[in-house]
Student: 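Please find one structure pasted underneath; my questions will follow.
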There are 2 protein chains.
Amino acid sequence: MLQAREDAIIHVVNHLLAEKGFDAMTVDEVAANVGIAKASLYKHFPSKEDLAAAAMVRALRHAQAFLEGIAEETTPLEKLRQVVRWTMEQKLAGEMPSLPSQNSGLRATLLRTQDYMNGLIEVSDRLGEWIEAAQAQGSINPQLPAIAILYTLYARACDPVLEFLKMGGQHTDAQIVALVLSTCFDGLKAR
Amino acid sequence: MLQAREDAIIHVVNHLLAEKGFDAMTVDEVAANVGIAKASLYKHFPSKEDLAAAAMVRALRHAQAFLEGIAEETTPLEKLRQVVRWTMEQKLAGEMPSLPSQNSGLRATLLRTQDYMNGLIEVSDRLGEWIEAAQAQGSINPQLPAIAILYTLYARACDPVLEFLKMGGQHTDAQIVALVLSTCFDGLKAR
DNA sequence: GTCTATAGGAGGATAGAC
DNA sequence: GTCTATCCTCCTATAGAC
């Protein structure tokens, strides 16, 4: 019961974070969407920052589950492409929580949350292996530092190009994903 | 005198927007940094949103000045590269104001600000010409919609990869610019 | 653990004197 | 146009009954 209630809370937080971001999301809103009183929320989570942290842990678990599901025999480059595709699909579906990279109180909470840090490290390690493997076999540019590539992949989860193209209304979600996937891996220059 | 005072205000706003973003910036801070009382600020600008809009107009003027300064004989592709380089250098120097893409009150104010809209359209038109020229001569991928390319270039002004790499401390600003320039135009895949 | 009610404080905006 | 002082709204968080 308690676990189910907390899952419902995190689910609501996840969608609100995806829709309006951390600053615009209010705790009153969360409570209203869950259907309980605000004071009850604070019995489950000690602060707004902890709500966001819990949502990020949930998102990281989803990501890990997706990584696990990728077929072993897939090439490293294709694995990375699939991850980026999945990330952008999540974002377009309103399932990808987005946090401000500046808010200091939030950063402090995240750094203190073991589940978050562990999840982040595990995902990064897995992606790092694939990046290095892809570079070793020459499918990803070996001149780029692996860390820069990792950040570039992560950045697709908060790329404003997706929402701008979506607002334009000229392209389907699938087309948007294909476009940004192309600019990410193939670049803007003609090949 | 009045103009000079307002320039000083906008200058402060510009740096605060670059440093902490619209939500985290407070009007008290702006007033304190300018060295005047908050009430005086409101004699010059009617709202916090208008402060941000004025800073964006200033940034757009800077951008236009840079576009004007690019040598006529430069190839379209090289012009675009120079613009992206300049944009990222501004960002790393703390000169590029960043606004949330969600805040509705801010969006409404921006849409009502003629100077902002005109500047945005002029910059976009100029870049659009170069994009199409580059595609016509085959240096930029002709299969990508011009609007997607435009957004991709704009997005370099709010790319979190720059600050992440800067926080890592492993690269100089020049190296960071070169790296992201490479991932933007050449892509992650080996050529 | 859930509620109602409220404390406490931050921050945008204004009143009114000078 | 600048100031001091204040208003007022919104939001995070808590008190205390059940």
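Just so we're clear, the structure is a prediction, and the values are computed from it rather than from any experiment. FYI, side chains are in, hydrogens and waters are out, and symmetry mates aren't considered; it's all heavy atoms of this structure. Each chain gets a letter, A, B and so on, in the order the sequences are listed, and its residues count up from 1.
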Student: Take the protein atom CD of B/E6 and the nucleotide atom C1' of D/dG1, then report the distance between them rounded to whole Å.
Tutor: 11 Å
Student: Hey, what do you get for OG1 (A/T109) to CE (A/M56), rounding to the nearest 0.5 Å?
Tutor: 13.0 Å
Student: A/H44 NE2 to C/dC3 C1': how many Å, rounded?
Tutor: 13 Å
Student: Whole angstrom is fine here: how far is it from CD in A/E29 over to P in D/dC10?
Tutor: 13 Å
Student: If the condition is ring pair (Phe, Tyr, Trp, His ring centres under 6.0 Å), which residues does B/Y151 pass it with, not counting sequence neighbours?
Tutor: A/F164
Student: Which nucleotides of nucleotides 13-18 of chain D have their base under 4.0 Å from a protein heavy atom (B), which only their sugar-phosphate (S), and which neither (-), written as one string 5' to 3'?
Tutor: BBB---
Student: How many whole angstroms separate atom CZ of A/F45 from atom P of D/dT12?
Tutor: 16 Å
Student: OP1 or OP2 of C/dG1 versus the side-chain N and O atoms of A/S40: is any pair under 4.0 Å?
Tutor: no
Student: Separation of B/M25 atom CE from C/dA10 atom P, in whole Å?
Tutor: 19 Å
Student: To 10°, what angle do the rotation axes through the five end pairs on each side of the helix from C/dG1-D/dC18 to C/dC18-D/dG1 form?
Tutor: 20°
Student: For the pair made of CG in B/L41 and P in C/dG12, what is the distance, rounded to whole Å?
Tutor: 11 Å
Student: Which nucleotide, D/dT4, C/dT2, D/dT12, lies nearest any side-chain atom of A/R5?
Tutor: C/dT2
Student: So, do B/D186 and A/N141 sit near enough that their side-chain heavy atoms are less than 4.5 Å apart?
Tutor: no
Student: Rounded to the nearest Å, what distance is computed from the CG atom of residue A/L106 to the C1' atom of nucleotide D/dT12?
Tutor: 15 Å
Student: Is it true that a side-chain atom of B/N14 and a backbone atom of B/E95 form a donor plus acceptor pair closer than 3.5 Å?
Tutor: yes
Student: Identify whether the distance between the nearest side-chain nitrogen and carboxylate oxygen of B/E78 and B/R81 falls below 4.0 Å.
Tutor: yes
Student: Below 4.5 Å, heavy atoms only, C-beta onward: do A/Q170 and A/L165 meet side chain to side chain?
Tutor: no
Student: Taking B/R126 first and then B/E68, would you say they form a salt bridge - that is, a charged N and a carboxylate O separated by under 4.0 Å?
Tutor: yes
Student: What residue among A/L120, A/T113, A/N118 forms side-chain contact (heavy atoms from CB on, under 4.5 Å) with A/V57?
Tutor: A/T113
Student: If you define the side chain from C-beta out and look only at heavy atoms, does anything of A/M117 sit under 4.5 Å from A/L111?
Tutor: yes
Student: Calculate the interatomic distance between B/N103 atom CG and D/dC10 atom P; express it in whole Å.
Tutor: 15 Å
